Amino acid sequence: MRAGIAGIGFMGWIHYLAYQRATGAELVAFCTRDPQRRGGDWTGIQGNFGPPGKQIDVSDLSVYETLDEMLENDSIDLIDICLPVHLHVDAVRKCLEAGKHVLCEKPLALNADDAASLVALAESKGLHLMVAHVLAYLPEFRLLVDAQQSGKYGKCLGGRFKRVIGPVDWNPDFYNPEKVGGPLIDLHVHDAHLLRLLFGMPKEVISRGRMRGETASYFESMMTYDDPDVIVSVGGGTIDQHGRPFTHGYEVHFERATIQFEFAGFDDGTELMPVKIIHEGGKIERPELGSGDPADAFVIEVQTAADVLAGKDPGALAGQLAADALQICELELKSIKSNNSV
Ligand SMILES: NC(=O)C1=CN([C@@H]2O[C@H](COP(=O)(O)OP(=O)(O)OC[C@H]3O[C@@H](n4cnc5c(N)ncnc54)[C@H](OP(=O)(O)O)[C@@H]3O)[C@@H](O)[C@H]2O)C=CC1
Ligand SMILES: O=C1CO[C@H](CO)[C@@H](O)[C@@H]1O
């Protein structure tokens with residue numbers, strides 16, 4: 001698979017690093033508005049994980065200022081979209097119209113209708129639209145999906161999930177529904193996608209939350225499914241207190257095992273309650289889960305995209321799952337706003 005990255009920011013850099021390590025997925029091009037970055041100076045990029053950006057060798061890469069120019073390169077199979085979310089819909093549409101497969105960073109769009117229209121467009125063109133929902137490739141979360149799919153611990157009966165951050169002062173548009181969509185669409189969508197993978201679409205959603213403008217800033221949701229035994233609660237959002245770390249975690253129970261995990265990224269270091277699988281009968285297993293570097297999951301992600309172009313099932317990357325995840329977030333917002341279950 002020959003790929004071109006659109007947008008060189010935090011995710012553009014992480015995806016670039018992933019292509020350096022992936023097999024079968026080759027980065028051949030990128031586009032950026034920034035002349036310095038077109039010259040390979042990617043210093044100054046720094047996200048909340050991964051190494052800082054550095055000078056890269058662009059001699060073997062085709063470099064463009066705009067996506068339109070990059071789309072004229074017939075040798076590119078797939079465009080890897082690492083642009084801000086408010087640009088995703090136009091960018092994905094353009095790529096599909098130009099006959100390119102797409103791997104788009106999460107969330108696919110700012111709302112479920114736009115996401116569904118992109119999925120339909122890809123289908124009508126016979127192209128793959130994949131969404132880089134990375135959680136399903138992080139080993140701490142992957143093992144839940146694998147256990148659910150293999151049925152090795154019996155039915156997945158439910159769980160509690162959380163994903164919370166401190167104040168978002170790095171992005172003034174964070175709570176703007178036209179730009180980022182607040183924590184529901186930017187952050188919680190990771191869990192909505194995971195829940196969709198584990199449990200399907202909920203039958204009923206009951207959410208309560210604190211609003212900030214048109215979007216929820218902090219919320220708790222209960223979800224029920226066709227199977228009355230399955231009970232899920234999920235919470236998240238922003239706590240506006242400086243120093244409050246990013247945290248995520250879960251406790252998920254199956255018929256024959258319970259799995260627990262917690263992570264906190266404090267300013268002065270990370271703290272972890274590593275994954276534990278508590279088996280029926282009480283045996284506690286502490287599985288070895290790779291290097292702990294989240295960047296590894298992006299290598300698997302681009303490698304999986306290449307496998308999809310070679311004929312494999314898209315699995316967690318399927319565009320429809322990303323559209324469903326946005327629909328779950330919208331159901332939660334609707335429940336919060338109406339003070340009713342939906
Ligand atoms: N999976 C994950 O863990 C994460 C996913 N994300 C997702 O990745 C996507 C990109 O986020 P992130 O990399 O953090 O964002 P950044 O702001 O760091 O990078 C986005 C890049 O898009 C380009 N761009 C082009 N047009 C515009 C425009 N009009 N306004 C702003 N930027 C523009 C810029 O690159 P240039 O100057 O080269 O054109 C910019 O650097 C989002 O969808 C986000 O939700 C983000 C963080 C983590
Ligand atoms: O997906 C993401 C990971 O978490 C970040 C917050 O810490 C989000 O802003 C980002 O979009």
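Values reported hereafter were calculated over all heavy atoms of this structure, with side chains retained and with hydrogens, waters and symmetry mates removed. What you see is a predicted model; the values in this text were computed from it and never measured. Just so you know, ligand 1 is whichever comes first in the structure, and atom 1 is the first atom listed for that ligand.
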**Request:** Considering only protein heavy atoms, determine whether one is less than 4.0 Å from atom 17 (O) of ligand 1.
**Result:** no
**Request:** Between I14, T32, I45, flag the one that comes closest to atom 36 (P) of ligand 1 by a heavy atom.
**Result:** T32
**Request:** Check I76, L127, V308 against H101 for a side-chain contact (heavy atoms from CB on, under 4.5 Å) and give me the one that passes.
**Result:** L127
**Request:** Identify the protein heavy atom lying closest to atom 37 (O) of ligand 1, giving its residue, its atom name and the separation to 0.1 Å.
**Result:** R33 NH2, 3.3 Å
**Request:** Among all protein heavy atoms, pick out the one at the shortest distance from atom 48 (C) of ligand 1; state its residue, atom name and that distance to 0.1 Å.
**Result:** M11 CE, 3.4 Å
**Message:** Tell me whether D324 is salt-bridged to R196, with the criterion being a basic N under 4.0 Å from an acidic carboxylate O.
**Reply:** yes
**Asked** Does D60 CG have over 12 foreign heavy atoms under 6.0 Å away?
**Response** no
**Request:** Around atom 5 (C) of ligand 1, find the nearest protein heavy atom and jot down its residue, atom name and distance.
**Result:** E105 OE1, 3.2 Å
**Message:** Any non-hydrogen side-chain atom of D80 less than 4.5 Å from a side-chain atom of M130?
**Reply:** no
**Prompt:** Can R142 be said to sit on top of Y137's aromatic six-ring, NZ or CZ under 6.0 Å from centre and within 45° of the ring axis?
**Reply:** yes
**Message:** Within ligand 2, which atoms have a heavy atom of K106 less than 4.0 Å away?
**Reply:** 1 (O), 2 (C), 10 (C), 11 (O)
**Message:** Regarding D68 and K94, does a basic nitrogen lie under 4.0 Å from an acidic carboxylate oxygen?
**Reply:** yes
**Item:** Sub-4.0 Å atoms of ligand 2 with respect to non-hydrogen atoms of L187
**Value:** 4 (O), 5 (C), 6 (C), 8 (C)
**Prompt:** Does the distance from a Lys or Arg side-chain N to an Asp or Glu carboxylate O, for D191 and K162, drop under 4.0 Å?
**Reply:** no
**P84, G50, G7: member with heavy atom nearest to atom 31 (C) of ligand 1** = P84
**Message:** Using a 4.0 Å cut-off to any heavy atom of L83, which atoms of ligand 1 qualify?
**Reply:** 9 (C), 10 (C), 22 (O), 23 (C), 24 (N), 25 (C), 42 (C), 43 (O)
**Message:** Is a donor from one side chain sitting under 3.5 angstrom from an acceptor on the other, for Y175 and T238?
**Reply:** yes
**Prompt:** Which of the atoms in ligand 1, numbered in the order shown and given with their element, are less than 4.0 Å from a heavy-atom of D186?
**Reply:** 45 (O)
**Heavy atoms from other residues, nucleotides or ligands near CD of Q55 exceed 12 (cutoff 6.0 Å)** = yes
**Request:** Identify whether the distance between the nearest side-chain nitrogen and carboxylate oxygen of K152 and D146 falls below 4.0 Å.
**Result:** no
**Request:** Heavy-atom contacts with L87 under 4.0 Å: which atoms of ligand 1 show up? List them by number with element.
**Result:** 26 (N), 27 (C), 28 (C), 29 (N)
**Asked** Would you say E301's side chain and A297's backbone share a donor-acceptor pair under 3.5 angstrom?
**Response** no
**Worked check of side-chain hydrogen bond (donor to acceptor under 3.5 Å, both in side chains) between H86 and E178** = CA-CA 7 Å; H86 69 282; E178 307 297 323; over 6 Å; no
**Item:** Where ligand 1 meets P107 - atom numbers and elements under 4.0 angstrom, heavy-atom basis
**Value:** 45 (O)
**Message:** My understanding is that we take every heavy atom of each candidate and find the minimum distance to atom 21 (C) of ligand 1. Doing that for G12, A91, C82, which one comes out nearest?
**Reply:** C82
**Asked** Within the structure, does at least one protein heavy atom fall under 4.0 Å of atom 41 (O) of ligand 1?
**Response** yes
**Message:** List ligand 2 atoms under 4.0 Å from N48, heavy atoms only on the residue side.
**Reply:** 7 (O)
**Prompt:** Is there a heavy atom of H88 sitting under 4.0 angstrom from any atom of ligand 1?
**Reply:** yes
**Asked** Can you list the ligand 1 atoms lying under 4.0 Å from a non-hydrogen atom of V134?
**Response** 1 (N)
**Asked** Nearest protein heavy-atom contact for atom 19 (O) of ligand 1: which residue, which atom, what distance?
**Response** G9 CA, 3.3 Å
**Prompt:** Nearest to atom 3 (C) of ligand 2, what protein heavy atom do you find, and at what distance?
**Reply:** H190 NE2, 4.0 Å
**Asked** What protein heavy atom is closest to atom 8 (C) of ligand 2, reported as residue, atom name and distance in Å?
**Response** D186 OD2, 3.1 Å
**Request:** Go through the steps for R2 and S75 under the test side-chain hydrogen bond (donor to acceptor under 3.5 Å, both in side chains), then give the verdict.
**Result:** CA-CA 7 Å; R2 291 166 61 83; S75 79; 3.0 Å; yes
**Prompt:** Which protein non-hydrogen atom lies closest to atom 35 (O) of ligand 1, naming both residue and atom, and how far is it?
**Reply:** I8 N, 3.4 Å
**Prompt:** Does A6 have a heavy atom less than 4.0 Å from any atom of ligand 1?
**Reply:** no
**Request:** Do me a favour and list the nearest non-hydrogen protein atom to atom 15 (O) of ligand 1 with residue, atom name and distance?
**Result:** F10 N, 4.7 Å
**Message:** Check this for me, if you would: do R212 and D240 make a salt bridge, where the nitrogen-to-carboxylate-oxygen distance has to be below 4.0 angstrom?
**Reply:** yes
